[in-house]
Amino acid sequence: MVFYMDLVQHDMLNDNQAVLSYLELILATPGVPSKAADYARKAVSHVRSSALRMGNVSTITNAMKSSAASRGTTDLAETLRESSTELSSIFPGRNIRVSWPQQTGEASVVGGSLVKELVFTVMENIVRLDPGNDITLNVLLSEDLGYGNRGWTVTIEDPRVNLPAVVTDADIDEVHTKDRSLAVKVSGILFAKMATEALGGDFSVEPGSRGSGRGAVFTLRLRRAGR
Amino acid sequence: MTSVLIVDDEVFIVELYRDILQLRGYKVVGTAFDGEEALRKYKNANDKPDVIIMDHRMPVMNGVQATKEIMRMNPRQKVIFVSADVLVEKEARDAGAVEFLPKPFRMDDLIEKMHRISTQ
């Protein structure tokens, strides 16, 4: 079954690559009517969301087969910068601002491209759950001294995200047993939890601090490379 | 003009890369549908391509193995590894790939990497 899923996902990602790239070629063609370009941009957005979900499945299916260390390292600071830029392109028509006032230098962590997928997936899922058109994500990256000085911590706060309470009230792993209709809205968060743990780190979600019933803080703790 | 060898077992992916690269002014000097064919074409080429775009999961010989063999022949060869298997990134880089792009990637990401490599 795992083998079959792997084959199907691989083929689907190849097909998505072709759809995505040909849409981009259409958009790059001079003289495309603006309405057609809008439709194409929306199609690009959905292809990329779909590819992200399929990539998540493929990644988790394979994550247990190799050690975290064998996946290489990546610069978490650079990953956050790239993901922030990427977000706007996947949600055309939404005004997304990533506020990251205290940017650090290199923050090398274990995980290679899995970390990039992880960070981007969390951000993408947060934006999907935010009902607004003007979205602000507050990001903080810090050395994790309380983690045996072995890691880096990223917190991402969205003060307006409409996160189902079941995610913060229960163990994230059990969300699907509580309410499947809600679980599908947080598949990226479920992925983040599984992927972070596969990398030897941890992931948590806390409700927003403003008491409005909205908003949440997402925390990823990842292992520093070379430790 | 930067020359490129495209290696991927899916014909439609090879055609897609060719469309993108030619549109952006790159010269596609060859295509191969598995690692062994890529090696053979690389060995026989009088002018080596500036860049090789390499898939991983291919019949006969996979991309990591083909990259290793090519790097043995020419340690300065630039290889961009492109794969739907993100977990193969470290293997690909250890084999000698200078860049790794997970599928599906944005056209601009490929072009940006091509540009960066070809101006190094």
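Numbers restart at 1 for each chain; the letters A, B, ... are given by sequence-line order, proteins then strands. Atom set for the values below is all heavy atoms of this structure, side chains included, hydrogens, waters and symmetry mates excluded.
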Got more than 12 heavy atoms from elsewhere within 6.0 Å of [atom1], [X]?
{"X": "A:M54", "atom1": "CE", "answer": "yes"}
{"X": "B:D47", "atom1": "CG", "answer": "no"}
{"X": "B:F12", "atom1": "CZ", "answer": "yes"}

- [ ] Please state whether the side chain, the backbone, both or neither of B:L23 comes within less than 4.5 Å of a heavy atom of chain A.
- [x]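 Just the side chain, heavy atoms under 4.5 Å.
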
Task: Which atoms of B:I13 approach chain A - backbone, side chain, both or neither, heavy atom under 4.5 Å - done: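 For B:I13, the contact with chain A is made by the side chain alone.
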
Kindly compute the distance separating [atom1] ([X]) from [atom2] ([Y]), expressed to the nearest 0.5 Å.
{"X": "A:H10", "Y": "B:E10", "atom1": "NE2", "atom2": "CD", "answer": "8.0 Å"}
{"X": "B:K90", "Y": "A:L114", "atom1": "NZ", "atom2": "CG", "answer": "14.5 Å"}
{"X": "B:D9", "Y": "A:N14", "atom1": "CG", "atom2": "CG", "answer": "7.5 Å"}
{"X": "B:E89", "Y": "A:T74", "atom1": "CD", "atom2": "OG1", "answer": "7.0 Å"}
{"X": "B:D109", "Y": "A:E86", "atom1": "CG", "atom2": "CD", "answer": "6.0 Å"}
{"X": "A:E24", "Y": "B:F105", "atom1": "CD", "atom2": "CZ", "answer": "9.0 Å"}

Task: Top contributor to chain B interface from A:A51, A:S21, A:G112 [non-hydrogen pairs under 4.5 Å] - done: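 Highest number of heavy-atom pairs under 4.5 Å: A:S21.
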
- [ ] Would you name the heavy atoms of A:A28 and B:M107 that are closest together and state the gap between them?
- [x]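 Taking A:A28 first and B:M107 second, the nearest heavy atoms are CB-CE, 4.4 Å.
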
Open item on the list: Under 4.5 Å from any heavy atom of chain B, what part of A:D15 do you find: side chain, backbone, both or neither?
Closed with: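 For A:D15, heavy atoms of backbone and side chain both lie under 4.5 Å from chain B.
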
Task: A:N16 side chain reached by B:K103 side chain, heavy atoms, under 4.5 Å - done: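 SC-SC contact between B:K103 and A:N16 ruled out.
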
